[in-house]
Enquirer: 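Below are the structure tokens for one structure; questions will follow.
Please read all numbers here as calculations on a predicted model, not as lab measurements. Atoms within a ligand are numbered from 1 in the order they appear, just like the ligands themselves.
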Amino acid sequence: MQLPERVTVYEVGPRDGFQNLARFVPTDSKIAFINALSAAGLPAIEATSFVSPQWVPQLADAREVMEGIERGQGIRYPVLVPNLTGLERALDTDVREIAVFTAASETFNRRNINATIDESIDRFRPVMARAASMGLRVRGYVSTAFGCPYQGDVDPGAVVRVTGDLFEVGCSEVSIGDTIGVADPAQVHSVVAQLQRHFDLGGIALHLHDTYGRGLANVVAGLEAGVRTFDSAAGGLGGCPYARGATGNLATEDLVAMLDQMNIRTGIDLTALVAATSALAASTGLRMPSRAFEALRAQQRALIPA
Ligand code: HMG
Ligand code: MG
């Protein structure tokens with residue numbers, strides 16, 4: 001297997017991790033979590049969403065979060081933006097990178113952002129123009145790329161088409177989302193191979209959810225297929241409010257522990273990452289689904305003299 005020396009881990013915990021929780025995580029805990037993730041060396045931390053607070057009340061404090069965090073040198077703090085209203089709200093804070101999102105399945109897109117796929121791409125055009133005028137970098141997401149909670153199977157041709165649309169409107173990177181965690185390694189190989197026929201894989205990321213415990217297997221398939229950027233959420237929190245059963249993003253601890261073991265560098269300090277997630281668990285009482293987090297925390301406890 002031809003493995004890279006280095007991959008980029010794109011942290012989505014403060015956004016994807018919190019957006020689906022039954023309760024509101026206090027703003028101070030969110031800010032402390034992001035600061036601790038910065039200290040652990042995460043190179044890109046998706047900090048929050050400027051979506052409608054009626055639709056996602058868990059992230060209604062987006063502005064306070066962006067104003068409260070300390071920015072580490074060289075660290076990116078992108079935010080999710082669904083439309084021009086969201087971008088203008090984001091620009092009231094010191095935002096330098098945004099992410100727009102659409103899907104490969106119509107029903108999901110309608111439920112998630114109240115638009116068809118084509119309408120969403122049209123909605124992004126003025127967002128992209130405004131972002132370009134402000135010098136912002138823009139990532140795009142294609143949700144439900146491996147399966148849809150409403151429509152079932154998704155045509156890989158639709159994934160290629162929507163990815164092309166996102167590059168065409170000006171995204172510099174497109175993240176291919178397994179929103180409900182149903183992908184398998186063979187499918188990851190196949191979808192990435194189809195994307196590679198049309199696009200440079202340097203601009204493609206994989207956004208995997210671990211709903212059925214296949215997240216890491218799918219990362220290995222992605223690595224083999226040539227992907228070099230992986231999204232994950234510290235602690236393994238997460239899900240999508242408009243995809244029932246989409247529990248658990250791939251956990252950053254699980255991802256980094258495996259990559260460390262495989263001698264693939266990420267620049268992330270695993271001990272500091274576990275400390276960041278531990279502090280969040282302590283301040284909120286949230287249970288973290290990450291297996292590596294539990295194992296490493298138990299080891300760290302065992303090392304502390306009684
Ligand atoms: P809509 O109701 O169609 O919006 O929602 P609208 O344009 O008709 O506006 C209705 C009202 O909302 C207006 O206010 C707007 O001003 C306001 P009113 O005049 O009634 O007082 N409004 C806003 N307010 C604040 N911020 C905004 C905003 N936009 C409109 N940005 C909309 C359309 C897109 C806004 C809504 O559907 C929405 O916010 N959806 C977000 C859903 C979401 O966040 N989903 C989770 C993220 S995606 C995900 O998790 C997948 C991913 O992780 C990848 C993967 O796993 O696949 C990325
Ligand atoms: Mg997601």
Side-chain angles (χ1 to χ4, degrees), residues 10-21 46-63 66 78-93 95 98-105 107-117 119-124 126-127 130 138-150 154 158-159 162-163 166 171 173-183 191 205-211 215 218 229-234 236-252:
Y10 180 103
E11 171 66 37
V12 295
R15 193 276 302 169
D16 210 343
F18 293 154
Q19 72 184 10
N20 200 36
L21 294 174
E46 203 166 83
T48 184
S49 281
F50 287 89
V51 295
S52 161
Q54 268 77 48
W55 285 59
V56 182
Q58 294 88 337
L59 302 181
D61 57 354
R63 180 193 181 104
M66 289 312 283
V79 299
L80 212 61
V81 157
N83 54 16
L84 210 44
T85 309
L87 177 55
E88 293 305 339
R89 285 178 57 217
L91 285 171
D92 281 344
T93 71
V95 159
I98 62 167
V100 295
F101 53 107
T102 184
S105 90
T107 320
F108 177 81
N109 213 42
R110 169 67 65 195
R111 304 250 180 143
N112 196 35
I113 53 174
N114 200 18
T116 66
I117 296 169
E119 281 166 0
S120 66
I121 299 292
D122 284 342
R123 197 184 268 178
F124 297 153
V127 174
R130 178 86 169 109
V138 186
R139 163 184 250 230
Y141 280 102
V142 181
S143 285
T144 59
F146 299 91
C148 169
Y150 309 106
V154 169
V159 180
V162 179
T163 302
L166 287 169
C171 292
E173 177 175 84
V174 176
S175 182
I176 309 298
D178 183 17
T179 316
I180 51 169
V182 292
V191 169
L206 278 177
H207 177 102
L208 301 166
H209 283 244
D210 203 26
T211 320
N218 290 335
T229 301
F230 295 89
D231 301 359
S232 59
L237 291 173
C240 176
Y242 300 96
R244 283 179 73 185
T247 49
N249 279 83
L250 169 67
T252 311

Enquirer: Have a look at ligand 1 and work out which part of N112, if any, has a heavy atom under 4.0 Å from it: side chain, backbone, both or neither.
Expert: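 Both backbone and side chain.
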Enquirer: Answer yes if a protein heavy atom lies under 4.0 Å from atom 44 (O) of ligand 1, otherwise answer no.
Expert: yes
Enquirer: Given the protein's heavy atoms, is any one of them under 4.0 Å from atom 18 (P) of ligand 1?
Expert: no
Enquirer: Look at atom 33 (C) of ligand 1 and find which of I113, L84, L59, T179 reaches it with the closest heavy atom.
Expert: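 Answer by nearest heavy atom: I113.
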Enquirer: Measure the OG-CG distance between S120 and L166 for me, rounded to the nearest 0.5 Å.
Expert: 7.5 Å
Enquirer: Can you check whether a protein heavy atom sits less than 4.0 angstrom from atom 14 (O) of ligand 1?
Expert: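 No; the ligand atom in question lacks any protein heavy-atom contact below 4.0 Å.
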Enquirer: Is there a side-chain contact between T252 and V12, using heavy atoms and a 4.5 Å cut-off?
Expert: no
Enquirer: For H209, counting its heavy atoms only, list the atoms of ligand 1 lying under 4.0 Å from any of them.
Expert: 56 (O)
Enquirer: Please determine whether any non-hydrogen atom of A115 lies less than 4.0 Å from an atom of ligand 1.
Expert: no
Enquirer: On a heavy-atom basis, which atom in A233 and which in G13 lie closest, and how many Å separate them?
Expert: CB-CA, 3.6 Å
Enquirer: Of all the heavy-atom pairs spanning F146 and G177, show the shortest one and how long it is.
Expert: CD1-O, 3.9 Å
Enquirer: Should the proximity of V56 to ligand 1, defined as any heavy atom under 4.0 Å, be assigned to the side chain, the backbone, both, or neither?
Expert: side chain
Enquirer: Please check if the side chain of E173 supplies one atom and the backbone of A205 the other of a donor-acceptor pair under 3.5 Å.
Expert: no
Enquirer: Are I98 and F50 packed together at the side-chain level, in the sense that at least one heavy-atom pair is separated by less than 4.5 angstrom?
Expert: no
Enquirer: When you look for heavy atoms under 4.0 Å from ligand 1, do you find them on the side chain of D16, its backbone, both, or neither?
Expert: side chain
Enquirer: For ligand 1, does S49 get within less than 4.0 Å through its side chain, its backbone, both, or neither, judged by non-hydrogen atoms?
Expert: neither
Enquirer: Side chains of Y10 and S175, heavy atoms from C-beta outward: is any pair under 4.5 Å?
Expert: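 No - every pair of side-chain heavy atoms lies 4.5 Å or more apart.
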Enquirer: I need the contact type for E46 against ligand 1. Using non-hydrogen atoms and a strict under-4.0 Å cut-off, is it side chain, backbone, both or neither?
Expert: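 For E46, no heavy atom sits under 4.0 Å from ligand 1.
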Enquirer: Answer side chain, backbone, both or neither: which part of P82 comes under 4.0 Å from ligand 1, heavy atoms only.
Expert: side chain
Enquirer: Specify side chain, backbone, both or neither for R123, according to which of its non-hydrogen atoms lie closer than 4.0 Å to ligand 1.
Expert: side chain
Enquirer: For atom 47 (C) of ligand 1, is the nearest protein heavy atom under 4.0 Å away?
Expert: yes
Enquirer: N114 heavy atoms, cut-off 4.0 Å: which ligand 1 atoms fall inside?
Expert: 1 (P), 3 (O)
Enquirer: Is the backbone of A103 close enough, under 3.5 Å, to the side chain of S143 for a donor and an acceptor to pair up by distance?
Expert: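 Between the backbone of A103 and the side chain of S143 there is no qualifying donor-acceptor contact (under 3.5 Å).
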Enquirer: As an exercise, identify every atom of ligand 1 less than 4.0 angstrom from a heavy atom of S143.
Expert: 51 (C), 52 (C), 54 (C), 55 (C), 57 (O)
Enquirer: Check the pair R139, D231 against salt bridge (charged side-chain N to carboxylate O under 4.0 Å, His left out), reporting the backbone distance first and the verdict last.
Expert: CA-CA 12 Å; R139 163 184 250 230; D231 301 359; 2.8 Å; yes
Enquirer: Check whether any side-chain heavy atom of D16 sits under 4.5 Å from a side-chain heavy atom of H207, and report yes or no.
Expert: yes
Enquirer: Against heavy atoms of H207, which atoms of ligand 1 measure under 4.0 Å?
Expert: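 What qualifies from ligand 1 is 53 (O), 54 (C), 55 (C), 56 (O).
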Enquirer: Where does V12 meet ligand 1, judged by heavy-atom distances below 4.0 Å: at the side chain, the backbone, both, or neither?
Expert: neither
Enquirer: Do you know the tightest heavy-atom contact between N249 and G238?
Expert: OD1-CA, 3.4 Å
Enquirer: Looking only at atom types and distance, does a side-chain atom of Q58 sit under 3.5 Å from a main-chain N or O of L21, one as donor and one as acceptor?
Expert: yes
Enquirer: Near F101, which atoms of ligand 1 are under 4.0 Å from a heavy atom of that residue?
Expert: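 This gives 47 (C), 48 (S) as the contact atoms.
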Enquirer: For a distance under 2.8 Å, tell me if D16 has an N/O/S atom near the Mg ion (ligand 2).
Expert: yes
Enquirer: Just to confirm, does any protein heavy atom lie below 4.0 Å from atom 50 (O) of ligand 1?
Expert: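 When distances to the protein are checked, atom 50 (O) of ligand 1 has a heavy atom within 4.0 Å.
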Enquirer: For ligand 1, which atoms, with element, lie under 4.0 Å from some heavy atom of R89?
Expert: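 Selected atoms, number and element: 25 (C), 26 (N), 27 (C).
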Enquirer: I need the atoms of ligand 1 closer than 4.0 Å to a non-hydrogen atom of L80, numbered in the order shown.
Expert: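 Contacts of ligand 1 toward L80, numbered from 1: 47 (C).
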Enquirer: Using a 3.5 Å cut-off on N or O atoms only, is Q54 in polar contact with ligand 1?
Expert: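 No, no N or O pair falls under 3.5 Å.
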Enquirer: Closer than 4.0 Å and a protein heavy atom, does any atom meet both conditions relative to atom 5 (O) of ligand 1?
Expert: yes
Enquirer: I want to know if ligand 1 touches T85 in the polar sense, i.e. an N/O pair below 3.5 angstrom.
Expert: no
Enquirer: To the nearest 0.5 Å, what is the distance between CZ on F230 and CG on L250?
Expert: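 Between F230 CZ and L250 CG, I get 9.5 Å after rounding to 0.5 Å.
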Enquirer: Is at least one protein non-hydrogen atom found at under 4.0 angstrom from atom 56 (O) of ligand 1?
Expert: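 It does: a protein heavy atom is found less than 4.0 Å away from atom 56 (O) of ligand 1.
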Enquirer: Counting from 1, what ligand 1 atoms have a heavy atom of Q19 closer than 4.0 Å?
Expert: 46 (C), 47 (C), 49 (C), 50 (O)
Enquirer: At what distance, to the nearest 0.5 angstrom, does CH2 of W55 lie from OG of S49?
Expert: 13.5 Å
Enquirer: Output yes when a protein non-hydrogen atom is found under 4.0 Å of atom 9 (O) of ligand 1, and no otherwise.
Expert: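 For atom 9 (O) of ligand 1 the answer is no, since every protein heavy atom stays at 4.0 Å or beyond.
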